[in-house]
Number of protein chains: 2
Amino acid sequence: MATSSTRPTSAAPPRPDRRSRRRQETIDEIIEIAQDVMAERGVNGLSLSEVARRLGVQPPALYKYFDSLAALYDELFLRGHTEHLDQVREAMRTAPPGLAAVRAGLDASARWAMGSRGVAQLAFWRPVPGFEPSPAAFVPSQEMVKVFRAGFSDAVAGGELGPGADSDEACWLLSAMLIGAISQAMANEPDLPFGEGRFTPLLATLFDTFPTIYPPPKPRRSARRPPAD
Amino acid sequence: MATSSTRPTSAAPPRPDRRSRRRQETIDEIIEIAQDVMAERGVNGLSLSEVARRLGVQPPALYKYFDSLAALYDELFLRGHTEHLDQVREAMRTAPPGLAAVRAGLDASARWAMGSRGVAQLAFWRPVPGFEPSPAAFVPSQEMVKVFRAGFSDAVAGGELGPGADSDEACWLLSAMLIGAISQAMANEPDLPFGEGRFTPLLATLFDTFPTIYPPPKPRRSARRPPAD
DNA sequence: GTCTATATTATGATAGAC
DNA sequence: GTCTATCATAATATAGAC
């Protein structure tokens, strides 16, 4: 036995963190390639073979990182929602609380979706015949509802919206607006970025109807110069 | 030359209408099966092999009716939009002109989509990687815009909406509302029919914001008892 | 962890007999 | 118009050598 170490059996893995770091890098690279493939060929155009081809590796090698194609989809779904959530959170954090924050979150949502089209389609539409995301992959998606709920709650507290807006229903409305606008944009203007074309600008118009759907109880106060109090 | 007829060449097809009628029936049957398959397995779950299997025939036989899988998709796309257009037209025709007609059309749209999910996904989202509908298949889709434009025009003329509603933009808004609501419904409540669940009812809420988006110039008159004139 | 080889299955499509 | 036979391709996934 070697004198240098406490490990009694098996070949000594030198610097296991280095190994696992390389492994993580490979996983990240696979994910990136998969995102590219989906953006180019649609969600259903993804295959392990194509990923292997672009990674410069034979398909069986991928099974060391993902158990199956479904597992890869699941990771893509999870990471997509997580990234989406992060960007929405950040946008809302840096905006004034209330309606403005919700609007900023919605805007960030749409930007993320238009910038990550393949993943967005996977996340919002579930277009892959056999694929059902694992419960764990849904966690960030559920968290998103809470984030927007909090924003609406602030808007109600600030008198920008009526009490009905502090509800799940308001969040569903918001998501329907988002998905309607980006669906149309992706189907009809697949090459235009967010903000251009006929459809993504509609999102602002739709959002501005919230005070009509949930009218605040008191007369709206102007944004500038609140009444001296 | 034969004396009986003006056909100089080729064998005479006896009763060509009967033959072509059977042919048309087969085509219709293929279409129906394809719709079923898409509803069950998603748009990308459609294959000629599966259609042949259900039709009780070998795959090569289908090529007598459709040149390729893409041609079948194209026919499905065309028929879907045509059926959709017919139902919208009929709903608008039997409703009072103006906003009520637009609302009836939107309602019919959503009902059709939720009742023909596979085709609706093909028609609204284009989720098949290589497939681009032929120009001819787009005709009913363009016609739809005209139909809704006419409805909005009536609503403007009747003082229900402001002049801005007589625009393509209003039609895009309408379609974004529709697609947002049904996208969410199909992805999250795939088994519920139109009108049930959390999402399809949102369509009415969204639609009711139109007078806010395009406010009529004069004070709104009540629906009942128009001012004596 | 990667490779080769292979099993298995499925697909779209064509040729040619009947 | 349908069949059998076949081509060509591609996919997921596993076994086992290195």
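Chain letters run A, B, ... following the sequence lines, proteins first, then strands; residues in each count from 1. Predicted, not measured: the structure shown is a model, and the values here were computed from it.
- Put simply, CG on B:N44 is 18 Å from P on C:dA10, counting in whole angstrom units.
- Residues meeting the salt bridge (charged side-chain N to carboxylate O under 4.0 Å, His left out) test with B:E32, sequence neighbours left out: none.
- Using the six-membered ring where Trp is involved, A:F124 and A:H84 have ring planes that are perpendicular, over 60° apart on the 30 and 60° scheme.
- Following rounding to the nearest Å, B:F131 (CZ) and C:dG12 (C1') show an atom-to-atom distance of 16 Å.
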List, with names and distances, any nitrogen or oxygen atoms from the protein found under 3.5 Å away from nitrogen or oxygen atoms belonging to nucleotides 9-12 of chain D.
residue	atom	partner	partner atom	Å
D:dA11	OP1	A:S47	OG	3.3
D:dA11	OP2	A:R53	NH2	2.8
D:dT12	OP1	A:L48	N	2.8
D:dT12	OP2	A:L48	N	3.4
D:dT12	OP2	A:S49	N	3.1
D:dT12	OP2	A:S49	OG	2.8

I'd like a table of atom pairs between the protein and nucleotides 15-18 of chain D - only N or O on both sides, under 3.5 Å - with the distance next to each one.
none

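- Every residue two or more places apart in sequence or in another chain that forms a salt bridge (charged side-chain N to carboxylate O under 4.0 Å, His left out) with B:E40 is listed here: B:R54.
- Contact check, B:Y73 against C:dG12: no side-chain N or O comes under 4.0 Å of OP1 or OP2.
- For A:Q35 and A:S116, the side-chain atoms include no donor-acceptor pair closer than 3.5 Å.
- The salt bridge (charged side-chain N to carboxylate O under 4.0 Å, His left out) test applied to B:D67 returns no partner, not counting sequence neighbours.
- Separating the CD atom of A:Q58 from the C1' atom of D:dA13 is a distance of 14 Å, rounded to the nearest angstrom.
- Side-chain contact between B:M177 and B:L202: absent, with no pair of heavy atoms (C-beta onward) separated by less than 4.5 Å.
- One can place CZ of B:F66 at 15 Å from C1' of D:dG1, the figure rounded to the nearest angstrom.
- Residue B:Y65 is in sugar-phosphate contact alone, with no base atom involved, counting any heavy-atom pair closer than 4.0 Å across all strands shown.
- As rounded to whole Å, 12 Å separates atom C1' of D:dT2 from atom CD1 of B:I30.
- The shortest distance between side-chain heavy atoms of B:D28 and B:Q24 falls below 4.5 Å.
- Protein atom CG of A:L62 is 13 Å distant from nucleotide atom C1' of C:dC3, rounded to whole Å.
- Judged as a salt bridge (charged side-chain N to carboxylate O under 4.0 Å, His left out), and not counting sequence neighbours, the contacts of B:D107 are B:R111.
- For the pair B:R41 and B:E50, the salt-bridge criterion is met [side-chain N within less than 4.0 Å of a carboxylate O].
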